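Below you'll find the structure, written out as structure tokens, and then a few comments.
All values below were derived from every heavy atom in this structure, side-chain atoms included, with hydrogens, water molecules and symmetry-related copies excluded. Predicted model, so just to flag it, every value in this text is computed and none were measured.
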Amino acid sequence: MNLHLRLFLFQFLCIIAVLNGKTVHGIPGYGRNLIIKSLPAIEDYQSNVYEVFMEPYLYGPRSAPGLQAVVYLEDDDESDVSGELYFTQVLPSGPVTIQGNITGLSSGLHGIHVHQNGDIDDDCEDIGPHFIAYYGRHGGPRDAIRHVGDLGNIKAEEGKTVNVKIVDHLISLAGPRSIVGRSLAITKGEDDYGKAGTEESALTGSSGPVIACGVIGYLS
């Protein structure tokens, strides 16, 4: 049996397994069993990287195509910021759309970033640095080199709800650049995209303390 035929039969068996909710040789079925591979972090260079394997991209009956995730933002002790943001990725290697609403922000620009850890219990103190993955320098969302978690700024007006819509081509909801299980954070100040030339600017964009955060999870 030649190689092409073997690959075809293997893919065919995977599809049958997904449709029947079964597992073939460790391939997750429609029940969304997960297999996780991880690589350790390298300080100041690369975040801990994990890759979540699930069934092939045959998602079954859903209200929207592709993978979906959600984050519910919780304020820290000194802010009154809250909101819900939804993530959608139609194709495995395609862009992720972020849409939702945030309330309680003061007027002006505020940084929005994905952080490495999903631990939000202690007023967002333990969410770690920006999610770096394979990109080791802070930047703006349109920069060629940036942290994966660098999503730029959102603009707020005093007393008004912020309607967020971001389309990003670097974050993902699956694979080594997956943001699922990590945290999304809003900062008190504006992200300068690492252009100020200081150490803090190169790490965080000098955007100040986190005033709200939440864990990103798959939307069932």
Side-chain angles (χ1 to χ4, degrees), residues 41-49 69 71 73 75-76 78-79 81 83 85 87 89 93-120 123-158 160-173 175-180 182-216:
I42 302 174
E43 187 174 358
D44 298 328
Y45 178 73
Q46 175 180 300
S47 298
N48 63 312
V49 177
V71 61
L73 295 171
D75 62 343
D76 65 5
E78 298 180 0
S79 76
V81 178
L85 298 176
F87 305 78
Q89 187 174 27
S93 58
V96 175
T97 300
I98 308 169
Q99 290 183 279
N101 300 309
I102 301 175
T103 59
L105 287 172
S106 60
S107 61
L109 294 172
H110 300 268
I112 177 170
H113 311 103
V114 177
H115 285 248
Q116 180 173 312
N117 304 326
D119 184 357
I120 64 170
D123 285 335
C124 307
E125 292 290 334
D126 298 323
I127 60 177
H130 294 175
F131 176 36
I132 300 172
Y134 303 116
Y135 297 80
R137 187 176 70 199
H138 181 72
R142 298 182 180 178
D143 290 342
I145 298 178
R146 50 167 265 212
H147 299 152
V148 171
D150 294 341
L151 298 178
N153 290 298
I154 53 176
K155 187 175 182 179
E157 296 181 31
E158 196 71 40
K160 293 187 177 182
T161 298
V162 180
N163 297 312
V164 177
K165 183 171 183 180
I166 298 171
V167 179
D168 191 83
H169 293 263
L170 192 54
I171 62 172
S172 180
L173 300 184
R177 288 180 281 113
S178 173
I179 59 173
V180 176
R182 305 188 189 276
S183 59
L184 185 83
I186 309 296
T187 59
K188 186 175 183 178
E190 176 184 356
D191 187 336
D192 65 17
Y193 298 165
K195 303 298 192 294
T198 64
E199 182 178 356
E200 186 65 24
S201 176
L203 290 175
T204 68
S206 302
S207 54
V210 172
I211 55 176
C213 65
V215 179
I216 302 165

State, yes or no, whether a side-chain contact exists between [X] and [Y] at a heavy-atom distance under 4.5 Å.
X	Y	result
Phe87	Val71	yes
Leu85	Ile166	no
Ile98	Ile112	no
His113	Ser207	yes
Val148	Val114	no

Under the 3.5 angstrom rule, does the side chain of [X] hit a backbone N or O of [Y] as a donor-acceptor pair?
X	Y	answer
Gln89	Leu173	yes
Asp191	Tyr193	yes
Glu158	Ser107	yes
Asp168	Leu170	yes
Ser183	Cys213	no
Asp150	Gly139	yes

Would you please name every residue forming a salt bridge (charged side-chain N to carboxylate O under 4.0 Å, His left out) with Lys155, sequence neighbours left out?
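With sequence neighbours excluded, Lys155 shows a salt bridge (charged side-chain N to carboxylate O under 4.0 Å, His left out) to no residue whatsoever.
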Rounded at 0.5 Å granularity, tell me how far [atom1] in [X] sits from [atom2] in [Y].
X	Y	atom1	atom2	answer
Leu73	Leu105	CG	CG	9.0 Å
Ile145	Arg137	CD1	CZ	4.5 Å
Thr97	Lys165	OG1	NZ	6.5 Å

Quick one, Ile102 with Val164, criterion side-chain contact (heavy atoms from CB on, under 4.5 Å). Give me CA distance, side-chain angles, the key distance, then yes/no.
CA-CA 7 Å; Ile102 301 175; Val164 177; 3.9 Å; yes
Partner residues of Thr161 under the side-chain hydrogen bond (donor to acceptor under 3.5 Å, both in side chains) criterion, sequence neighbours left out:
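side-chain hydrogen bond (donor to acceptor under 3.5 Å, both in side chains) check on Thr161 returns nothing, list empty.
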Taking side-chain hydrogen bond (donor to acceptor under 3.5 Å, both in side chains) as the test, write out the residues that go with Ser201, two or more places apart.
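By the side-chain hydrogen bond (donor to acceptor under 3.5 Å, both in side chains) rule, Ser201 matches Asp192.
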Pair Leu151, Leu184 - check side-chain contact (heavy atoms from CB on, under 4.5 Å), show working.
CA-CA 10 Å; Leu151 298 178; Leu184 185 83; 3.9 Å; yes
Which atom of [X] lies closest to which atom of [Y], heavy atoms considered:
X	Y	answer
Ile211	Lys188	CG2-CB, 3.8 Å
Pro95	Val167	CB-CG1, 3.9 Å
Ala156	Val162	CB-CG2, 3.6 Å
Cys124	Val210	CB-CG1, 3.8 Å

Kindly determine whether Arg182 and His115 satisfy side-chain contact (heavy atoms from CB on, under 4.5 Å), including the steps that lead there.
CA-CA 6 Å; Arg182 305 188 189 276; His115 285 248; over 6 Å; no
Parallel, tilted or perpendicular: which one describes the rings of His130 and His138, with boundaries at 30° and 60°?
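Rings of His130 and His138: tilted, 30 to 60°.
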